[in-house]
Amino acid sequence: MDDLSRIAVLADDEILPEPSKTLTALLRYRPERIVAVIDRATAGRDAATVAGFPAELGIPVVADVPAALAGFRPDAVLLADEPVGAGLQPYWRDQIRLALEAGVHVVNGMHFLISADPDLAAVARRTGAVVHDLRKAPEDKYFTPFDADGRPIVHLRDHRPGSRTVLAVGTDCSSGKMTTMLELERALRAGGTDAAFLATGQVGMMISGGGVAVDGLLADFLNSTVEDAVFRATEEHDVVLVEGQGALNHPRYSGVTLGLLHGTRPDAMVLCHDLRRTALGLLPQVALPSLRRAIEINEEAARWAEPDRAPRVIGLSVVTAGLGDDEARAALRRLTGETGLPATDVLRYGAGELVPPVRAGLVGSAT
């Protein structure tokens, strides 16, 4: 996807009352690639201000795909839909068809695979448009986690000596794991450290142009696919920052979290938490664990396969939205006092507090 430089984001009915995670992340981290956002309800306005950003980005909202094609000549339409299921609503199907009919590529992060839809796939073949289904299991040999007999492989290969692998874990879904790793990558690079973000979800892949959507994999192959991707990344970079998914304490998504934890084999973890929550966002009847307990269960699970490695949580990334500055800073100090770990809100105060513990252990590092 790195060759896609003019993207129209289809976000119809995904901006108000709250913008989709996909749209927000793209406006924050890849605004230079977005030429227009498509939404009937807010057409004519600036996408950033509609999405709650403090200033305009000069990215207009238009009513439909034909308006985007006529006015901005995108080379791809990216879908910012986040349905709970795997369906495709009729209006979106019509808009996708119009893009494919025009020979424009489509980037799809939904569980619904456009390439598996006979009608839409036929249009794409006829016009030469490429469908990027990010949740489709990878097929090329770069991500082949099988041996010659078709059995999944977990090698437990040592990462390159001197490199560091850091995994974001959380107390809930949507608690800032992707954002934390992206901001930490930015901070480490600014300080001269060779750091790389490894996406494990569709939005992170849209931002970085690579990675693997782990929730599109067969469960038996998740650990080995992640292990392979991380191993290769540590061969090329000093610090590999792995985007986390779900939470160990989440009844719906604990499986993908544990697969990431064991496949990544991290040297360290950053725990992400949203201060506004006392219970799971999708299951409000399930209370969140204390931060101390969340740290304990993640460290314990990381030791199951390799007791001698004992990776630790080395910092807290905390969402303090809704608090004033004084309240937010006091809350972060309190959490540091309770856990003994540095704590920051990476969007409000940057990721600098997390840089020293991440760099600890790097060859040649003074911290």
Side-chain angles (χ1 to χ4, degrees), residues 1 82 84-86 107-117 121 131-160 163 165-170 173 177-178 181 196-237 240-267 269 297-298 300-306 309 311:
M1 296 187 303
E82 295 168 4
V84 175
V107 181
N108 172 36
M110 294 186 290
H111 283 288
F112 177 88
L113 300 181
I114 294 173
S115 59
D117 182 274
V131 174
H132 299 272
D133 279 322
L134 301 184
R135 274 180 158 135
K136 184 177 181 180
E139 297 173 348
D140 60 66
K141 62 182 179 181
Y142 186 90
F143 285 116
T144 300
F146 316 109
D147 64 14
D149 297 319
R151 295 173 300 199
I153 298 171
V154 171
H155 296 283
L156 295 181
R157 291 173 291 182
D158 290 335
H159 298 164
R160 178 172 59 83
S163 66
T165 299
V166 184
L167 173 66
V169 294
C173 302
K177 294 181 284 290
M178 179 190 73
M181 294 291 100
F197 169 78
L198 178 59
T200 62
Q202 75 281 2
V203 181
M205 293 174 69
M206 291 172 181
I207 293 168
S208 65
V212 56
V214 293
D215 63 1
L217 298 172
L218 292 174
D220 276 359
F221 307 148
L222 191 159
N223 301 32
S224 50
T225 302
V226 170
E227 182 196 43
D228 189 56
V230 172
F231 177 83
R232 293 173 185 273
T234 62
E235 292 291 292
E236 300 177 3
H237 302 282
V240 177
L241 303 165
V242 185
E243 175 189 10
Q245 302 291 335
L248 278 181
N249 52 284
H250 202 301
R252 287 187 182 175
Y253 305 118
S254 54
V256 71
T257 309
L258 187 59
L260 268 172
L261 190 59
H262 288 167
T264 298
R265 300 174 59 236
D267 298 296
M269 294 169 281
I297 63 175
N298 279 280
E300 180 182 352
R303 290 195 298 267
W304 289 345
E306 300 174 278
R309 295 187 66 250

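For the numbers below, each heavy atom of this structure counts, side chains included, while hydrogens, waters and symmetry mates do not.
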Task: R160 side chain to H237 backbone, donor-acceptor under 3.5 Å - done: yes
TODO: With side chain to side chain contact (heavy atoms under 4.5 Å, CB included) as the test, would you mind laying out the steps for E243 and L260 before giving the verdict?
DONE: CA-CA 9 Å; E243 175 189 10; L260 268 172; over 6 Å; no
Task: Non-hydrogen atoms of G204 and F197 that approach each other most closely - done: O-CE2, 3.9 Å
Task: Least distance between heavy atoms, F231 atom then D158 atom - done: CE1-O, 3.4 Å
Task: Nearest heavy atoms of T234 and S163, plus distance in Å - done: CB-OG, 3.8 Å
TODO: Rounded to the nearest 0.5 Å, what's the gap from CG on L134 to CG on N108? Could you check?
DONE: 7.0 Å
Open item on the list: So which atom in G109 and which in Q202 form the shortest heavy-atom distance, rounded to 0.1 Å?
Closed with: O-CG, 3.4 Å
Open item on the list: Working to the nearest 0.5 angstrom, can you tell me the gap between D228 CG and N223 CG?
Closed with: 12.5 Å
Open item on the list: Counting C-beta onward and ignoring hydrogens, is there a side-chain heavy-atom pair between M178 and I207 closer than 4.5 Å?
Closed with: yes
Task: Sub-4.5 Å side-chain heavy-atom contact between D133 and M110 - done: no
Open item on the list: Taking the side chain as everything from C-beta on, heavy atoms only, tell me whether R265 gets closer than 4.5 Å to T165.
Closed with: no
TODO: Locate the shortest heavy-atom distance separating L248 from N298; write the atom from each residue and the value.
DONE: CD1-OD1, 3.4 Å
TODO: Output, in order, the C-alpha distance, side-chain angles, deciding distance and verdict of side chain to side chain contact (heavy atoms under 4.5 Å, CB included) for Q245 and D215.
DONE: CA-CA 9 Å; Q245 302 291 335; D215 63 1; 5.8 Å; no
Task: Which atom of C173 lies closest to which atom of G246, heavy atoms considered - done: SG-CA, 4.0 Å
TODO: Report yes if some heavy atom in the side chain of T225 is under 4.5 Å from a heavy atom in the side chain of V214; otherwise report no.
DONE: no
Task: Atom pair CG/OG of L241 and S208 - distance to nearest 0.5 Å - done: 12.0 Å
- [ ] With rounding to the nearest 0.5 Å, note down the distance linking NZ in K177 to OG1 in T257.
- [x] 7.0 Å
TODO: Mind checking the CG-NE2 spacing from L222 to H262? Nearest 0.5 Å is all I need.
DONE: 12.0 Å
Task: Side-chain heavy atoms of M269 within contact of L261, under 4.5 Å - done: yes
